[in-house]
Structure formats: C-alpha cells, structure tokens
*Asks:* 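Sending over a structure as structure tokens; questions will come in a sec.
Numbering of ligands and ligand atoms starts at 1, following listing order. Counting from 1, the numbers follow the sequence of the chain as shown. In this text, all values refer to a predicted model and were calculated from it rather than measured experimentally.
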Amino acid sequence: MLTPGERERYDRQIMIGGIGEEGQERLKGSRVAIAGAGGLGSPIAIYLTAAGIGMIRMIDHDQVALSNLNRQILHREEDIGRKKVDSARAKLRDLNRAVEIESISETITEKNVSRLVDGCDLIVDAMDNMPTRYILNRCAIEKRIPFFHGAVNGFEGRAMTVIPGETACLRCMYRGPVPQEKFPVIGVTPAVIGSIQATEVIKYLTGIGRLLTNRLLVYDGLKVTFSEFMVHRNPNCDHCGSPSG
Ligand SMILES: [Zn+2]
C-alpha cells in the first residue's frame with residue numbers, strides 16, 4: 001500500500017493510464033541492479049530513484065575522476081577520488097530517502113556477477129565495455145531476468161531490451177572480440193540513452209507499453225535521428241541458444 005506522502009509524491013505518474021496506484025506499488029516492490037555508476041548509470045539511477053523503485057543496487061569498481069564530470073552527472077568536483085558508488089548513493093539518498101540504495105564497489109567478473117545481482121528483478125547495462133556487457137547478458141539469461149542494454153559513443157547511442165527465453169539477446173546481435181579502448185562522449189548522449197533505458201525499466205515493471213525488444217534503437221544526436229534495426233534471435237547463440245532456451 002502507498003502512504004499519503006507517496007500518493008502525493010508520485011501523483012503525476014500515478015495519473016498515467018496503466019500505471020495507477022497498482023503500478024506505483026509494483027515500482028515500490030521492485031529491486032533493480034544498475035551495472036555502472038558513470039555516464040549512463042547517472043541518469044538511469046536518478047530517474048529510477050525519482051520514480052520510487054524500492055531498491056536500487058549500484059555496482060561500480062571505479063573512483064570519481066575530473067575527466068568523468070563532463071557526463072557523469074551524479075558526481076561533483078568534491079567527489080573526485082571518492083568511490084563512485086558512495087558518491088552516487090549520497091546523491092540518490094538526497095533525492096529520495098524512501099528508496100533503498102545499495103552500493104557495491106567491485107569489478108564485475110564471470111565469477112562474481114551472479115552474487116552481485118542476486119535478488120534483483122532485472123539488470124540495467126550502464127557499462128562502458130563489451131566484455132562486461134557479455135558477462136551481464138549471460139547472467140541475465142541464466143537467471144531469467146530482463147537485461148536493459150545501453151551504449152554510447154560521441155553523439156551516438158544505442159539501446160535494446162532483452163527478455164530471456166523470449167527475445168533476442170545482446171550476443172545474438174554482436175559477436176566476436178571488441179576492442180576495449182577510450183572513446184569520446186558528450187554528456188547529453190548518455191542522458192538520452194539512459195533515459196530510454198529507465199523508461200524501459202518502468203514500462204517493464206508496470207507492464208505497460210511495447211518494449212524495445214528484438215529491435216536495436218540507434219540514436220544520432222548530430223542528425224537528431226532515431227533508427228530501428230530488427231534483431232532476430234540466433235538459435236546458435238552461445239548465450240541464449242541452448243536447447244532449453
Ligand atoms: Zn542470444
């Protein structure tokens with residue numbers, strides 16, 4: 001049940017057809033893992049905290065650096081040198097004390113990923129490298145929980161939602177090794193893509209709308225275009241193509 005304060009706080013979103021108090025209660029009862037507390041993780045965490053998700057677990061091994069501040073809007077100059085998850089937790093708690101914010105300062109690996117996201121209803125990809133995205137994608141498929149992919153480069157960004165057992169996964173779309181190197185980003189790009197990922201999470205949890213599944217959304221900020229590419233499930237996918245899948 002929602003408290004009078006919650007009804008007031010979330011009034012404008014409870015008004016949305018299909019959400020209502022029931023949808024708000026679902027958000028309140030949800031547990032979300034956000035992998036990455038940087039450029040994408042910042043807007044995702046801010047909007048999901050504002051929306052009243054019950055528990056948000058921020059996972060990031062890194063510390064805040066000066067060069068992060070052009071895009072990682074959870075962090076401030078005084079946070080330089082601080083663990084990103086601690087900096088994130090402080091800002092998110094200031095925004096909404098009712099949301100439980102867990103912070104885990106660890107590098108995501110094949111060995112620890114299952115433990116890191118344990119108990120969460122879904123995983124949001126706010127990473128900056130493909131190897132870790134593959135680890136998260138595979139873990140989500142094994143746990144049969146949704147995976148919300150997002151990626152940025154310069155003025156471009158991409159997003160796709162994966163429902164294990166039903167839709168194409170990240171690995172169905174991308175194969176092979178991917179170079180891991182420093183890439184350019186302007187801060188507004190992760191703001192756009194992170195907002196789309198947070199939108200997808202809210203839609204999934206409240207059961208409204210049409211999810212961004214089996215289609216990759218590609219955003220070009222320089223041309224201001226949104227393009228969609230159909231993605232088909234690969235029966236031989238080494239992540240989701242098992243006989244039981
Ligand atoms: Zn797949």
*Asks:* Could you give the side-chain donor-acceptor pairs of residues 28-43 under 3.5 Å, partners two or more places apart or in another chain?
*Replies:*
| from | atom 1 | to | atom 2 | distance (Å) |
| --- | --- | --- | --- | --- |
| K28 | NZ | M1 | O | 3.0 |
| K28 | NZ | E6 | OE1 | 2.9 |
| K28 | NZ | E6 | OE2 | 3.2 |
| S30 | OG | R26 | O | 2.6 |
| R31 | NE | G119 | O | 3.0 |
| S42 | OG | G38 | O | 2.7 |
| S42 | OG | I73 | N | 3.4 |
| S42 | OG | L74 | N | 3.2 |

*Asks:* Is it true that the NZ or CZ of R171 lies under 6.0 Å from the centre of Y134's six-membered ring and within 45 degrees of the ring axis?
*Replies:* yes
*Asks:* For residues 190-198, which side-chain N or O atoms pair as donor and acceptor with protein atoms under 3.5 Å away, sequence neighbours left out?
*Replies:*
| from | atom 1 | to | atom 2 | distance (Å) |
| --- | --- | --- | --- | --- |
| S195 | OG | A191 | O | 2.6 |
| Q197 | NE2 | D125 | O | 2.8 |
| Q197 | NE2 | F148 | O | 3.0 |

*Asks:* Quick one: do R82 and D79 make a salt bridge, cutoff under 4.0 Å?
*Replies:* yes
*Asks:* Return the set of protein N, O or S atoms whose distance to the Zn ion (ligand 1) is under 2.8 Å, each given as residue and atom.
*Replies:*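 Short answer, with waters excluded from the count: C169 SG, C172 SG, C237 SG, C240 SG.
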*Asks:* Give a yes or no on whether a salt bridge exists between D60 and K83, defined as a side-chain N under 4.0 angstrom from a carboxylate O.
*Replies:*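 Here D60 does not pair with K83 in a salt bridge, since their nearest N and O are not under 4.0 Å apart.
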*Asks:* Tell me, which pairs form a salt bridge (Lys or Arg N to Asp or Glu O under 4.0 Å) where one or both residues lie in residues 32-48, sequence neighbours left out?
*Replies:* none
